[in-house]
Amino acid sequence: MTNSRTLTNVFGVIGCPVGHSMSPAIQNQAFRSEHIDASYHAFHVEKKDLQNAVTGIKALGVKGFNVTIPHKEALIPLLDEIESTAKAIGAVNTVVNEGGKLIGYNTDGKGFISSLRPYLSASLHDSRILIIGAGGAARAIYFSLAAYGAGEIDLCNRTVLKAEKLIEECPVKAKSRALSLQNAEKELNNYDIIVQTTSIGMHPHVEAKPLSLENIKSSAIVTDIIYNPIKTAFLKEAEEKGCKILDGTGMFVHQAALAFEHWTGLFPDVKEMHDIVMKKLGGTLC
Ligand code: NAP
C-alpha cells in the first residue's frame with residue numbers, strides 16, 4: 001500500500017443505513033493485528049449522494065471501501081473497472097483504489113463458500129444444494145457455487161420467475177431447477193446442503209421461517225445467512241432434526257477477510273474477526 005496523500009491509510013464502508021455496521025470493528029482490529037497504519041470508518045451515504053461520494057473518495061485518496069445496501073448495484077457504473085465475478089453478479093461489495101482507479105469486486109459468494117468449507121463432509125462437486133431465495137445474496141452465492149463446480153444447485157423462491165431468471169443469467173451453467181417454496185419443501189430430503197438466503201426470520205420477525213423442514217434428512221448441512229438473530233427459527237428447527245447448522249456470521253467475516261486481502265495482500269485472522277462479531281452480537285457459536 002502506498003501512502004501519497006494521507007499519513008494514515010483510510011478505508012471505510014458506504015451504505016444507508018450503516019450506523020450499526022460491524023465492519024469498522026473487525027477491519028480496524030485486522031489492521032492493528034497486521035501492524036498496518038490504517039483506519040476504517042462507516043460513511044452514511046444517501047442514494048442521491050452516491051456520485052458525490054465516489055468523487056470525494058477519489059479526491060481524498062481513500063484506499064478502499066466496502067459497499068452495502070442500497071449501493072451494491074448502483075455503484076457499478078461509477079467505477080473504473082469491475083472484476084468479472086462482480087460484473088456477472090451485477091453487484092460489488094468491495095472496492096480497491098489503485099492509484100485513483102476504482103476497481104470493484106464481490107466477495108460475498110466466495111466468502112460464503114469459505115465459511116461452509118470446514119463443515120463439509122463431502123465435496124461440493126458431489127453435493128446436492130438447495131438455495132432458498134433469489135435476491136442479491138442468493139445471486140452472489142449461486143454464481144460462486146456454479147463457478148466452483150457444485151454438483152447440483154436448485155433455487156426456490158416465493159417468486160419462482162426470479163429464480164428462473166437468476167439461473168438463466170448465470171454465465172456458468174450448473175445443473176439447476178427453479179422451484180416454488182411449496183415444491184422444495186416436499187423434496188427436501190433430496191438435498192445435502194440447504195442455504196437460507198431470504199430475509200425471513202430476521203429481527204424483529206424472529207419466529208418466521210421460509211419453509212418447514214419436516215422432510216429434511218438429518219445428515220444435511222443447513223445454513224442461514226441471517227446473523228440477526230444468530231440462530232434463526234429456521235436453524236433451530238434444523239438443529240432439532242439433527243442437522244449440522246451454520247449461521248450467517250461465518251459468511252460475514254469471510255467476505256470481510258477477502259476484502260481485507262484485496263486491499264492489503266494479506267489474509268487476516270478470521271477467528272479474531274469472528275470473535276469480535278460474536279461479542280458484538282452477544283451470542284454463542286452455532
Ligand atoms: P433481497 O435482494 O431483498 O432478497 C430478499 C429475498 O427474500 C428474495 O428472495 C425474496 O423473495 C425473499 N423474501 C423476502 N420477504 C419474503 C416473504 N415475506 N416471503 C417469502 N420470501 C420473501 O435481499 P438480500 O440482499 O439477498 O439479503 C437477504 C438476507 O441476507 C438479509 O437478511 C441480509 O441481511 C442477509 N445477508 C447476509 C450476508 C452475510 O454476510 N451473512 C450478506 C448479504 C446478505 P421474492 O423474490 O419473492 O421477493
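As the structure lists them, so they are numbered: ligands from 1, and atoms in each ligand from 1. For reference, positions follow the sequence shown, starting with 1.
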Next on the checklist: Pairs of nitrogen or oxygen atoms closer than 3.5 Å, one from Gly136 and one from ligand 1: do any exist?
Outcome noted: yes
Checklist entry - Looking at Met202, which atoms of ligand 1 are within less than 4.0 Å of one of its heavy atoms? => result 31 (C), 32 (O)
Item to check | Polar contact flag for Gln255 and ligand 1 (N/O pairs, less than 3.5 Å) | outcome: no
Item to check | Residue part near ligand 1, for Asn157, under 4.0 Å between non-hydrogen atoms | outcome: side chain
Checklist entry - So which heavy atom in the protein is nearest atom 30 (O) of ligand 1, and how far is it from that ligand atom? => result Ile225 CD1, 3.2 Å
Next on the checklist: Is it the case that atom NZ in Lys87 sees more than 12 heavy atoms from other parts of the structure closer than 6.0 Å?
Outcome noted: no
Checklist entry - Should we count NZ of Lys47 as having more than 12 external heavy atoms under 6.0 Å? => result no
Item to check | Test of proximity, Leu181 against ligand 1: N or O pairs below 3.5 Å | outcome: no
Checklist entry - Does a sphere of radius 6.0 Å around CD in Glu34 hold more than 12 heavy atoms from other residues, nucleotides or ligands, not counting ones at 6.0 Å or beyond? => result yes
Next on the checklist: Under 3.5 Å between any N/O of Gly248 and any N/O of ligand 1: does that happen in this structure?
Outcome noted: yes
Next on the checklist: I want to know if ligand 1 touches Arg158 in the polar sense, i.e. an N/O pair below 3.5 angstrom.
Outcome noted: yes
Checklist entry - Counting heavy atoms only, which part of Thr197 comes closer than 4.0 Å to ligand 1: side chain, backbone, both or neither? => result backbone
Item to check | is_close_aromatic(Phe65, Phe43), centroid dist under 6.0 Å | outcome: no
Checklist entry - Any side-chain donor paired with an acceptor under 3.5 Å for Asn106 and Thr85? => result no
Checklist entry - At a non-hydrogen distance cut-off of under 4.0 Å, which region of Thr159 contacts ligand 1 (side chain, backbone, both, or neither)? => result both
Item to check | Sub-4.0 Å heavy-atom approach of Ala134 to ligand 1 | outcome: yes
Checklist outcome for this item: among protein heavy atoms, the one nearest atom 26 (O) of ligand 1 is Ala137 N, 2.8 Å
Checklist entry - For residues Asp224 and Thr232, is any side-chain donor paired with an opposing acceptor at under 3.5 Å? => result yes
Checklist entry - Which bit of Phe112 is near ligand 1, meaning a heavy atom under 4.0 Å away: side chain, backbone, both or neither? => result neither
Next on the checklist: Ring centroids only, cut at 6.0 angstrom: are His125 and Tyr148 within range, meaning strictly under it?
Outcome noted: yes
Next on the checklist: Any side-chain to backbone donor/acceptor pair from Lys110 onto Leu258? Under 3.5 Å, distance only.
Outcome noted: no
